[in-house]
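Being a predicted model, the structure only gives us computed values, none of them experimental.
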Amino acid sequence: MWNTPSEDLTPMLAQYHALKREYSDCLLFFRLGDFYELFYEDAQIGSKELGLVLTSRPAGKGKERIPMCGVPYHSSQSYIAKLVSKGYKVAICEQLEDASQAKGIVKRDVIRVITPGTYFERDLTGLACIYPKGNKYYLSYLCPSTGEFLAGTFRGEDYLEFLLRFQPKEILVPKGFEEDLGKLLKCFFTYYGQEEVQEGLRLLKEDFDIFRAIALGFEEEDCLIPCGVAYLYLKRTQKSYTPFLKKPKPYSGEGYLRIDYRTRRGLELLESYEGREDLSLFGTINRTLTGMGRRLLKFRIAHPFLREEDILRVQEGVDELTKNRELLREIRTCLEKMPDLERLASRISGNLATPRDFSLLRKALLSLKELREALKDARSSIMVELLNQMVDLEELYLELESVLVEDPPIHLKEGGLIKDGVDPQLDELRSIKAKGETLLREYEEKLRKETGIQSLKVGYNRVMGYYIEVTKPNLRYVPSYFKRRQTLSNAERFTTEELQRLEEKILSADSRIKELEYELFLALKEKVLQSIDKVYKNAQIVAEIDYLQGLAQIAIEGGWVKPKLSKEKVLYIEEGRHPVIESFCKDFVPNSTYMDEKQLVHIITGPNMAGKSSYIRQVGILVLLAHMGSFLPCKSAEIGLTSSIHGRIGSGDVLALGISTFMNEMMEVSAILNSADERSLIILDEIGRGTSTYDGIALSKAIVEYIAKNIKARILVATHYLELTHLEEELPMVKNYHMAVSKGDEGINFLYTLKRGRAEGSFGIYVAKKAGLPEEVIQRSQEILASFDKQVPILEKVYQESEKLEWEKAFRELQEFLEGIDIAQTTPLQALLLLAEIKEKVREKSKTIC
Ligand SMILES: Nc1ncnc2c1ncn2[C@@H]1O[C@H](COP(=O)(O)OP(=O)(O)OP(=O)(O)O)[C@@H](O)[C@H]1O
């Protein structure tokens, strides 16, 4: 009702409606003087979401009042951030001319649209685009804060993993795309159509000078489509604030150890189950000192190296820094002072930088220079290479240093930015202004003498300009040629012709100074922009160095050691520690792990709370750390190179919306069985819990058997099903371990020590007692438990039955085969071959059944 414009609207509201029509999916922040105002429904949303007072204003002659609310221009960023984090898009509409100069209504236009994926000056945001075609998904991801631009082709559900790795805040999808996905990924959807596909591709090719996708390393031309759509969206929303973007490059999960989203979550790599970063692996081991290093550490945790040479390269650097403490100290001193180069570069290329950002850039370039100096002492090949790759930005530093004042103001057009001696014209104007100011002081002195008013002052304000102020008691001494300008409660303000002449001189010099400074500043900015790709390049190198020093620092602090890498399928960890638990548990008990071809499967039993989950996660985390090139919290380690880490750990998952916990668990296990290979490490924590005990036992036994026999991967299983420990007698590569406890009068004490052999029981009732359950419940459960013991044979029977069925099936198959042989038609040689075939069949069958 409100949004229907009509002829009777005020001109300002008519202008509003015209813009709102164009940006109907946004909240329009309409600039009115020092405020951004929201009108109509936008005002209601603003008032609800931001807690602003809803007021109203007349819409025009004879019209009802319309709702409005506003936020001050100077503090608008926090309001915008709040709205954008809730998924709103905010269109910033500015006044394009000075209100005092405007003829009629002030010209206004939307200068930028801020959306969840493009708010690059705030937290790292990211924008992805999905282009589904046939059975494939073409995806792009761009990060406007770092300039990263990637794309790839995915089949089936693999595209989800890509999105989960990069966690974009906003995804561009074709109209009608599965809406639930947005909820699952906790991000916002924006829809695009065919027009954007065509226009995006054209613009992308033109702006990045791309002839064919193949030239950028893409296998298919269609990979450019999601890049084009995302790029077009960025340009359309950011307009003249579009930040620098690198050319799109192909994303491939290759080159990285595979570790899927669920495992990352289960191992609490980037955040804990409660969503806390400080309790995650990242939060615990992060010793980086810059935003760039911090981001790289996060990336490497999600993308550990796969290749031995990559791991060894990092290890060598970390090793050098742990030994050369002086070098480490020097590097850390440089990095501590280093502003976030990547962020600065995006602010500068996105036209959002204030003069202070340029001053920060100067500071960063100085730290970079010092870092280069420090690195000259480095000997490890990674650090020597990084030093060689650094781009010299000395010239840019000198330019900034010679032009920009030490401590520039935030605002661009207020002057005070450029040093003396940079531009002769500017110096001259400044001396005119300074002279004028001296003349002013002399004039003030002259007036005091002439009038005899000692308190007479020449002052200045923006509205009136220069004035002479005389307090009320002295008014009778004021000469007649003084012209009255303003009356205050205890003083009067005047001007004179001479003061006006002086004012003219000073103010015209001042406004020309500001103009000239602005021009000189733009020229400086242009020079910075010409080197912006070099700034990004150096930012990446700083990130790498920060990554290395961070790993060295945590290794020193925690007494971590360098692991040996092995091509064999081994895992030897002597007295390993879980880095996160150890950080808040002062009596942490280390445990050793010994796995090789002969003992690929470890079944770990033990009471509740005994430390089973912690231990198997610890092994997963240590293998991951080794693949990041990190040292490990243990006494010594030999880590067999691993292709992927798969975890079925913990319960409840965002991806499981709408399906049962058990179904979700089985889907996860199915994903593991389908994607793990011989070099994988699999961690299964209490699988089969979500169904009946018998089904659970049968399933978990079958799953472990399958992995042991068919995949032949290293696998750690934590379970309460003691029945699983029978596998040790059946399969040679299975070994039983348990978390030891000691029994006391009051129940059990946890020792957190891993020992060979199976546990004696689950002690769930002891744990329940410790947790404070009423004595009556505890006693009753003990009675029930005793009655269960009689049922155990039933379980054994279930196994025997299933084994019998398998044998019967195998017998029938063999029988059919034998009956199919026509003995009368068989030559002696054929008979021998048939005999060999029968022997092979029997061997195969007994292998799968036993
Ligand atoms: N090695 C250790 N040293 C000291 N404390 C430990 C150790 N391992 C685990 N803990 C402590 O014991 C608690 C329980 O451990 P965890 O959850 O691994 O036990 P669990 O055997 O898997 O239990 P449940 O079977 O009930 O899931 C942890 O939260 C941790 O505080």
(message) Donor-acceptor pair, distance only, cut-off 3.5 Å: does the side chain of S359 make one with the backbone of P355?
(response) no
(request) Output yes when a side-chain donor or acceptor of D427 lies under 3.5 Å from a complementary backbone atom of D420, and no otherwise. (result) no
(message) With a 6.0 Å cut-off on the ring centroids, do F35 and H74 count as close?
(response) no
(request) Any ring-ring contact (aromatic ring centres under 6.0 Å, His included) involving residues 486-515? Give me the pairs, sequence neighbours left out, ordered by first then second residue. (result) F482-F494
(message) Any carboxylate oxygen within less than 4.0 angstrom of a Lys/Arg side-chain nitrogen, looking at E206 and R202?
(response) yes
(request) State whether a side-chain donor-acceptor pair under 3.5 Å links S85 with Y119. (result) no
(message) Checking side-chain polar atoms at under 3.5 Å, does N351 have a donor or acceptor matched by the opposite partner on K525?
(response) yes
(message) Counting C-beta onward and ignoring hydrogens, is there a side-chain heavy-atom pair between P479 and T451 closer than 4.5 Å?
(response) yes
(message) With ring pair (Phe, Tyr, Trp, His ring centres under 6.0 Å) as the test, pick out the partner of F29 among Y23, Y36, Y73, Y16.
(response) Y36
(message) Between the side chains of R512 and E515, is the shortest nitrogen-to-carboxylate-oxygen separation below 4.0 Å, so that they form an ion pair?
(response) no
(request) Step through it carefully: locate the ring centre of Y231, locate the ring centre of F208, and say whether they are under 6.0 Å apart. (result) yes
(request) Report, as yes or no, whether the 6.0 Å neighbourhood of atom CD on Q389 holds more than 12 heavy atoms from other residues, nucleotides or ligands. (result) yes
(request) Indicate yes or no: does D546 engage R294 in a salt bridge with an N to O separation below 4.0 Å. (result) no
(request) State plainly whether the residues E517 and R430 are in salt-bridge range, i.e. N to O under 4.0 Å. (result) yes
(request) For the residue pair Y466 and T495, establish whether any side-chain heavy-atom pair is separated by less than 4.5 Å. (result) no
(request) Report yes or no: do R448 and Q454 form a side-chain donor-acceptor pair below 3.5 Å? (result) no
(request) Kindly say whether E504 contributes a backbone atom to a donor-acceptor pair with the side chain of S508 at under 3.5 angstrom? (result) yes
(message) Less than 3.5 Å apart, any donor N or O on the side chain of Y460 or E437 sitting next to an acceptor on the other?
(response) no
(message) A quick test of your reading: do over 12 heavy atoms of other residues, nucleotides or ligands sit less than 6.0 Å from CD of E326?
(response) yes
(message) Between L368 and L341, is there a side-chain heavy-atom distance shorter than 4.5 Å?
(response) yes
(message) Per the salt bridge (charged side-chain N to carboxylate O under 4.0 Å, His left out) rule, what does the pair list look like for residues 454-480, sequence neighbours excluded?
(response) E414-R462, K457-E469, E469-R493
Return all side-chain donor-acceptor pairs below 3.5 angstrom for residues 532-541, not counting sequence neighbours, or 'none' if the list is empty.
| unit_1 | atom_1 | unit_2 | atom_2 | d |
| --- | --- | --- | --- | --- |
| Y536 | OH | S346 | N | 3.3 |
| N538 | OD1 | V391 | N | 2.8 |
| N538 | ND2 | V391 | O | 2.8 |

(request) Count the heavy atoms belonging to other residues, nucleotides or ligands that lie under 6.0 Å from NZ of K48, then report whether that count exceeds 12. (result) no
(request) Using modelled atom types only, decide if a donor and an acceptor are shared between the side chain of R362 and the backbone of E406 within a distance under 3.5 Å. (result) yes
(request) Nearest 0.5 Å please: distance from the CD atom of E395 over to the NZ atom of K527. (result) 9.0 Å
